[in-house]
Amino acid sequence: MPLSTRLQGLKLPASADLHVHLRDGDMMELVTPTIRQGGVNTVFVMPNLVPPVTTVDRALDYKKRLEAIEPNVNYLMSLYLHETVTPETIIEAKKRGITGVKSYPAGVTTNSSSGVIDYTQFYPVFEEMERQDMVLNLHGEVPSQGDVTVLSAEERFLPTFLQLHERFPKLRIILEHCTTAAAVEAVKKCGPTVAATITAHHLSIIIDHWAGDPFCFCKPVAKTPADRDALLRTAASGNPKFFFGSDSAPHPSVSKRGGDKIAAGVFTQPYATQLVIDAFEQACENGVLKEEDITPEILEGFMGKFGRAFYGIGEEKKEFITIERKGEKVMNILQSGKVDVVPFRRDQETWSITWSG
Ligand code: DOR
Ligand code: ZN
């Protein structure tokens, strides 16, 4: 039986999207209400605003602004790793309910100019995070220089990642948006304190998609078919070290279509769950996955259970979604009159989601 027939009308627990960019101001107003459209009720919110969220007060103010827009989402908040973040900041962050600290390598992606150059400089901060049981979220790339390119940037970061785990074995670390078979293998080698997120778009696209299409361009860039297939097999394997984080990253369409530079980021928020199922379906059609491998338990694990377990969060109220294929198409553009954003796979058919108690 084709996968789409087997999944038609399936009821699943609400998804958790453990890597989102919700921005601020007009863009925040526009995209935050789309979280639940994607079947998601729990998000880990990235702190790369301008200026970056480097203090606990600012992170909590940000959370209030998000809750004012959509109160029916559980927002896990993070700090941006920066020279002003000290072990004392970590103690305060833990006390006041911040979940993680995100590190961006300086200059590799959107709003990362205040990012990290030397990880050893932050060892006292990581030590305190380990004591406080806070999560370190790594953007796992090295800057392009010398013989490093966007294609090798993730793989070249892996020694640093492994060193951090070795030095801080009890520190919970997430290698965010992993895109290569090599990264998957590195994460598998680590102890239970280490996990990785996988996006929906990296389960679907490869280099050829972003070469020429700004709406598929993000960091880390999508890699080879073999890398994508490794991500698909991993996401469908039931290994709890790997769970969903969309890295939905909205940019106004003018930053994608106009000007000389193209902003990095793929916007998937309103279709977060739907796009993962689309990618699994496509992979079954291509023979990368077997239809019988995509069980409700596999979907439930990858889309929420594993991520919630790693972060140690229960669900306050258990909510469910039902997925159906009924001809719905991805919107062409999401706009408010003040700002607009073009979603990934615009105009193409996808799954529909309804919420139930
Ligand atoms: O493509 C990306 N966009 N990668 C990131 O790491 C940041 C994100 C953004 O904020 O736009
Ligand atoms: Zn991101």
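Within the model, atoms OG1 of T273 and CD1 of I277 stand 6.5 Å from one another, a figure rounded to the nearest 0.5 Å. Put simply, CD1 on I206 and OG1 on T179 are 13.0 Å apart, with the number rounded to the nearest 0.5 Å. Going from atom CG of L289 over to atom CG of L203 covers 9.0 Å, rounded to the nearest 0.5 Å. Rounded to the nearest 0.5 Å, atoms CG (L158) and NZ (K189) are 8.5 Å apart. Once rounded to the nearest 0.5 Å, the distance linking CG of L76 with CG of N137 reads 10.0 Å. Atom-to-atom distance recorded for L22:CG and L30:CG is 11.5 Å, nearest 0.5 angstrom.
Looking only at atom types and distance, the side chain of E155 has no donor-acceptor partner in the side chain of T180 under 3.5 Å away. At a cut-off of 3.5 Å, with distance as the only test, a side-chain donor of T86 or T89 sits close to an acceptor on the other residue.
Pairs of residues two or more places apart, or lying in two chains, never qualify as ring-ring contact (aromatic ring centres under 6.0 Å, His included) while including a residue from residues 197-240.
Between I298 and A236, the shortest heavy-atom distance links the atoms CD1-O, 3.5 Å. The shortest non-hydrogen separation linking P214 to I262 is CB-CG2, 3.8 Å. The minimum heavy-atom distance linking E154 with A183 is given by the pair OE2-CB, 3.3 Å. Pairing each heavy atom of Y62 with each of M77, the nearest pair is CD2-CE, 3.5 Å. G191 approaches K241 most closely through the heavy-atom pair O-NZ, 2.7 Å.
A cation-pi geometry, defined here as NZ or CZ lying under 6.0 Å from the six-membered ring centre and within 45° of its normal, does not hold between K63 and Y75.
The hydrophobic cluster containing Y104 does not contain V148, counting ILVMFWY residues as joined when their side-chain heavy atoms lie under 4.5 angstrom apart, directly or transitively. When the side chains of ILVMFWY residues are joined at heavy-atom separations under 4.5 Å, either directly or via intervening members, F168 and I173 end up in a single hydrophobic cluster. A chain of hydrophobic side-chain contacts below 4.5 Å, direct or via other Ile, Leu, Val, Met, Phe, Trp or Tyr residues, connects V20 to V31. In this structure, L151 is not a member of the same hydrophobic cluster as F157, with clusters built from ILVMFWY side-chain heavy atoms closer than 4.5 Å. By the criterion of side-chain heavy atoms lying less than 4.5 angstrom apart, applied directly or through intervening Ile, Leu, Val, Met, Phe, Trp or Tyr residues, M303 is not grouped with F243; the two fall into different hydrophobic clusters.
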Test side-chain contact (heavy atoms from CB on, under 4.5 Å) on V73 and V40; report intermediate values, then the result.
CA-CA 8 Å; V73 167; V40 168; 5.9 Å; no

Passes side chain to side chain donor-acceptor pair (under 3.5 Å), E176 versus T197? Steps please.
CA-CA 5 Å; E176 297 291 341; T197 52; 2.8 Å; yes

Begin with the C-alpha distance, continue with both residues' side-chain angles, and end with the deciding distance and a verdict on side-chain contact (heavy atoms from CB on, under 4.5 Å) for Q348 and D278.
CA-CA 11 Å; Q348 293 180 37; D278 280 333; over 6 Å; no

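Two residues are said to be in side-chain contact when any heavy atoms from C-beta on lie closer than 4.5 Å; F244 and L18 fail this criterion. In this structure the side chain of P225 reaches within 4.5 angstrom of the side chain of R228, judged on heavy atoms. Counting heavy atoms from C-beta outward, S246 and T199 have side chains that stay 4.5 Å or more apart. Residues L162 and C190 meet the side-chain proximity criterion, which asks for heavy atoms closer than 4.5 Å. With contacts defined as side-chain heavy-atom distances shorter than 4.5 Å, the pair F344/S204 qualifies. Here the side chains of V184 and V187 are not in contact, with every heavy-atom distance at 4.5 Å or above. Put simply, the side chain of I353 does not reach to within 4.5 Å of the side chain of Q37, judged on heavy atoms. Proximity of L334 to F267: side-chain heavy atoms (C-beta onward) are separated by under 4.5 Å at one or more points.
Distance alone, capped at 3.5 Å, places no donor-acceptor pair between the T268 side chain and the Y271 backbone. Looking at T193, its side chain does come within 3.5 Å of a backbone N or O of P169 through a donor-acceptor pair. Put simply, the side chain of T42 never gets that close to the backbone of A16: no donor and acceptor are under 3.5 Å apart. Counting only distance, with no hydrogens or angles, the side chain of R6 and the backbone of E291 share a donor-acceptor pair below 3.5 Å. Panel note: side chain K94, backbone Q132; a donor-acceptor pair is recorded below 3.5 Å. Proximity of a side-chain donor or acceptor of D340 to a complementary backbone N or O of S253 within less than 3.5 Å is detected. Judged by distance alone, with hydrogens and angles left aside, the side-chain atoms of Q274 form no donor-acceptor pair with the main-chain N or O of I323 at under 3.5 Å. A donor-acceptor pair under 3.5 Å links the side-chain atoms of R58 to the main chain of P52, judged by distance alone. No donor-acceptor pair closer than 3.5 Å links the side chain of N286 to the backbone N or O of V288. At distances below 3.5 Å, at least one donor-acceptor pair connects side-chain atoms of K256 with backbone N or O atoms of G265.
Checked for salt-bridge contact, E185 and K188 meet the test: a charged N lies under 4.0 Å from a carboxylate O. With respect to the salt-bridge test (charged N to carboxylate O, under 4.0 angstrom), the residues R96 and D57 qualify. The existence of a salt bridge linking E349 and R325 is confirmed by a sub-4.0 Å separation between a basic side-chain nitrogen and an acidic carboxylate oxygen. Using a 4.0 Å cut-off between a side-chain N of Lys or Arg and a carboxylate O of Asp or Glu, K64 and E67 do not qualify as a salt bridge.
Heavy atoms from other residues, nucleotides or ligands lying under 6.0 Å from CD of E292 number more than 12.
Tested against L138 for a side-chain contact (heavy atoms from CB on, under 4.5 Å), the candidates V101, V116, I174, L164 yield a single pass: L164. M129 pairs in a side-chain contact (heavy atoms from CB on, under 4.5 Å) with only one of the listed residues (L171, V135, V85), which is L171.
When the ring-ring contact (aromatic ring centres under 6.0 Å, His included) test is applied to H177, the partners found at least two apart in sequence or on another chain are H19, H139.
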